[in-house]
Amino acid sequence: MSQTGQLFETRVVPVLVPLPAERPYSYAVPDGMEVAPGSIVQVPLGPRQVAGVVWDGATDRVDARKLRPITRVFDCPPLDATMRRFVDWVADYTLSPPGLVVRMALRAPAAFDPEAWIEGIEATGALPDRMTGARERVLAAASEAPAWSRSGLAHAAGVTPSVVDGLIRQGSFRGVRLPPPPAVAAPDKGYGRAELNADQRAGADALSETVAKGGFSTTLLEGVTGSGKTEVYFEAVARALDAGRQVLILLPEIALTQSFIDRFHARFGAPPAEWHSDVAPRQREKIWRQVAEGRVKVVAGARSALFLPFQNLGLIVVDEEHDPAYKQEERTFYHARDMAVVRGSIGKFPVILASATPSVETRVNAAAGRYGHVRLAGRFAEAAMPDLSLIDMRAAPPPRGRFVSPVLGKAIAETIQRGEQALLFLNRRGYAPLTLCRVCGHRFQCPDCSTWLVDHRLRGQLQCHHCGFAVPRPEACPECGTLDHLVACGPGVERIAEEMLTDFPEARTILLSSDLPGGARRLRRELDAIADGEADIVIGTQLVAKGHHFPMMTLVGAIDADLGLANGDPRAAERTFQLLHQVTGRAGRSGGRSSRGLIQTFQPEHPVMQAIASGDATRFYEREIAERERSGLPPFGRLASVIVSANTRKEAEEHARALRRAAAEDGDIEGLGPAEAPVAVLRGRHRFRLLVHATRRSPIQAFLRAMVAAAPRPRGSVQVQIDVDPQSFL
DNA sequence: AGCACGCCGACT
DNA sequence: GTCGGCGTGCTC
């Protein structure tokens, strides 16, 4: 310790910086600088300056020569204690460095400095020397509000800005500084209260009471599509706003369409602030800042909105809580629904999980009494319930090479004749799942995986859906060289679209698939267009199942409905049930109009098909939970995977083996399952997934920590990430 | 995550 | 002889 160090006590604080550091770094606080835990600061890090957060707890003992001073404190509301605890909790639970978690909360670099004030003008009351018609209009328009922007006033008065300039010179207006305009208008909790039926009223009252009571709780809001879940939880939102709290509504990214925003707007007189990947950077920063200042009251966002720096969060609603899109499977692996519950628990406020088809783990939590359970019995209008039936494809097959059965084809014809819409759902991208040579029988297979290559005609490629391998569609068989004798086997959405174009050439047909060009933005636009009636036949993969409002959709057909039941995934039945239930729920949402759901299946006797046809979700869940118990699989929790990724398959494989060996040699590491998902390629990196399950003795994180610690340190491009399955948080 | 340092292949 | 590939290691 140097003499100056002894004479002038240097204050040292921990600062969490947004990089994969296991713990906060230590920084010196310059004389006269005020910082406290939560302060957002700028610190030197190597050659650059980064934003970090002053953290809690003791600082690392660090070499005085390394210690560098904080550059500045941003004029920005600090991250509050609950947010800091939340970051630490998520880091611990997901076994990721806290620095990477805090990074998710700091993703709005320009938002740490206050927004600039706007140059505006206000009327002085002085009249100009010479009055003109244009000047009169400007003065009249100006009286509508205390202050204006120069161009805004000109626009409102219907004159050019030079008229306003003239009035400024005449002294009728003076310059004034205006606070930055709000990102969104304030919601009005009493604006467009919906008419609720008795059932919905009871549900809304129960949720509102939970909100009014305050404190942490989790409630499952369960009700079929069209039962008015949204309107019901809007009442809880209104109650939280009434108490002066902020509200977060989480939605799967794809469900954040204009129609949701419109419904919110109709209820609260203003749209919510939107937070998803399509929001422009400037707007993102504005929203981040105003959320931190408590000026934005309601955010509707995708999973990343969970890390927004709310000042006064009082309610989180997780809509479509079963949706797999809530699980982030890159960088920091987390499940937004579960982390929402954790955030509620730390912040001591209620969380509402809404779904027509809850995940099994949420059902189990509700059944065990850990979560409250509010059920909405029926639809708004009972008549709007779709009439569901199974089509036995063994009894009534379509002609060879076709996949839409005559029964469904007839229903489509009738539907579009009436000017209504038909939706065909098939959960398989591309044109055909298998291509073979009619001469020698050669099947096109992925060189790295044991899977067929899927024919994608729109892209002119054969693709492996497992690892991303792709080749141009060949014309000749690579085995026997014969030209033009390759044949596509089985259906994909592209092929169904082709069938529809052949059968209904005059109909407006839209194909929706995640691999079509244009990305999320275009998809949202197309979905809104469909809702506006700009299509007759819609063919789509699972993305059409996700919470859209299609009032004209009176027929839903599921092609190959039992597709998902074949693979060995322990959640196959649950996923298939959820998908089919959601997709058939798209039908019959406009009251009065009769609607149908036709499900093509090769195994109509399967319990999932029976449950779908009967519309009895409860029976399905009870059976599924019992089934999992019988098979020894926990209904949820105590499961995890270790994901090893590397630039080459060999590297990834080698590290996966090392982890396996470490687990085998260390007696304390139990529960490394035999399963190992085949390698997948994601953005050029080869990934291995090892399944891990814990025994009853300790939380699964302990196994994972021990296993990763015992294995050799990753070398080269190798990276290890952990994905912990949903558990109970109470 | 950046960014610099460092050690092996094709070029102004 | 250098420019530059990305493997390795560090950042208070």
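Convention: sequence-line order gives letters A, B, ...; per-chain numbering from 1.
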Are A:Y334 and A:Y93 close enough that their ring centers fall under 6.0 Å?
no
I want to check something: taking the side chain as every heavy atom from C-beta on, are A:I352 and A:L315 in contact at a cut-off of under 4.5 Å?
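A:I352 reaches A:L315 side chain to side chain.
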Check whether any side-chain heavy atom of A:W117 lies under 4.5 Å from a side-chain heavy atom of A:P179, and answer yes or no.
yes
For the pair made of [atom1] in [X] and [atom2] in [N], what is the distance, rounded to whole Å?
{"X": "A:R65", "N": "C:dT11", "atom1": "CZ", "atom2": "C1'", "result": "16 Å"}
{"X": "A:R68", "N": "C:dT11", "atom1": "CZ", "atom2": "P", "result": "10 Å"}
{"X": "A:Q49", "N": "B:dA1", "atom1": "CD", "atom2": "C1'", "result": "16 Å"}
{"X": "A:R48", "N": "B:dA1", "atom1": "CZ", "atom2": "P", "result": "11 Å"}
{"X": "A:R713", "N": "C:dT8", "atom1": "CZ", "atom2": "P", "result": "10 Å"}
{"X": "A:L45", "N": "C:dG9", "atom1": "CG", "atom2": "C1'", "result": "14 Å"}
{"X": "A:Q42", "N": "C:dT11", "atom1": "CD", "atom2": "P", "result": "20 Å"}
{"X": "A:Q721", "N": "B:dA1", "atom1": "CD", "atom2": "C1'", "result": "13 Å"}

Within the 4.0 Å heavy-atom criterion, would you say A:P24 contacts the bases, only the backbone, or no part of the nucleic acid?
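It contacts nothing in the nucleic acid.
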Just to be sure I understand the rule, does A:R103 reach a base, reach only the sugar-phosphate, or reach nothing, if contact means heavy atoms closer than 4.0 Å?
sugar-phosphate
Which of these nucleotides, [options], is closest to any side-chain atom of [X]?
{"X": "A:Y25", "options": "C:dC12, C:dG9, B:dC3", "answer": "C:dC12"}
{"X": "A:P47", "options": "C:dC12, B:dA1, B:dC3", "answer": "B:dC3"}
{"X": "A:L19", "options": "C:dC12, C:dT8, C:dT11", "answer": "C:dT11"}
{"X": "A:Y27", "options": "C:dC12, B:dA1, B:dC3", "answer": "C:dC12"}

Could you walk me through whether A:D113 and A:R289 satisfy the salt bridge (charged side-chain N to carboxylate O under 4.0 Å, His left out) test, starting with their C-alpha distance in whole Å, then the side-chain angles of each, then the deciding distance to 0.1 Å, before giving a yes or no?
CA-CA 9 Å; A:D113 285 316; A:R289 178 78 194 190; over 6 Å; no
Checking side-chain polar atoms at under 3.5 Å, does A:Q445 have a donor or acceptor matched by the opposite partner on A:T451?
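The answer is no; no qualifying pair exists.
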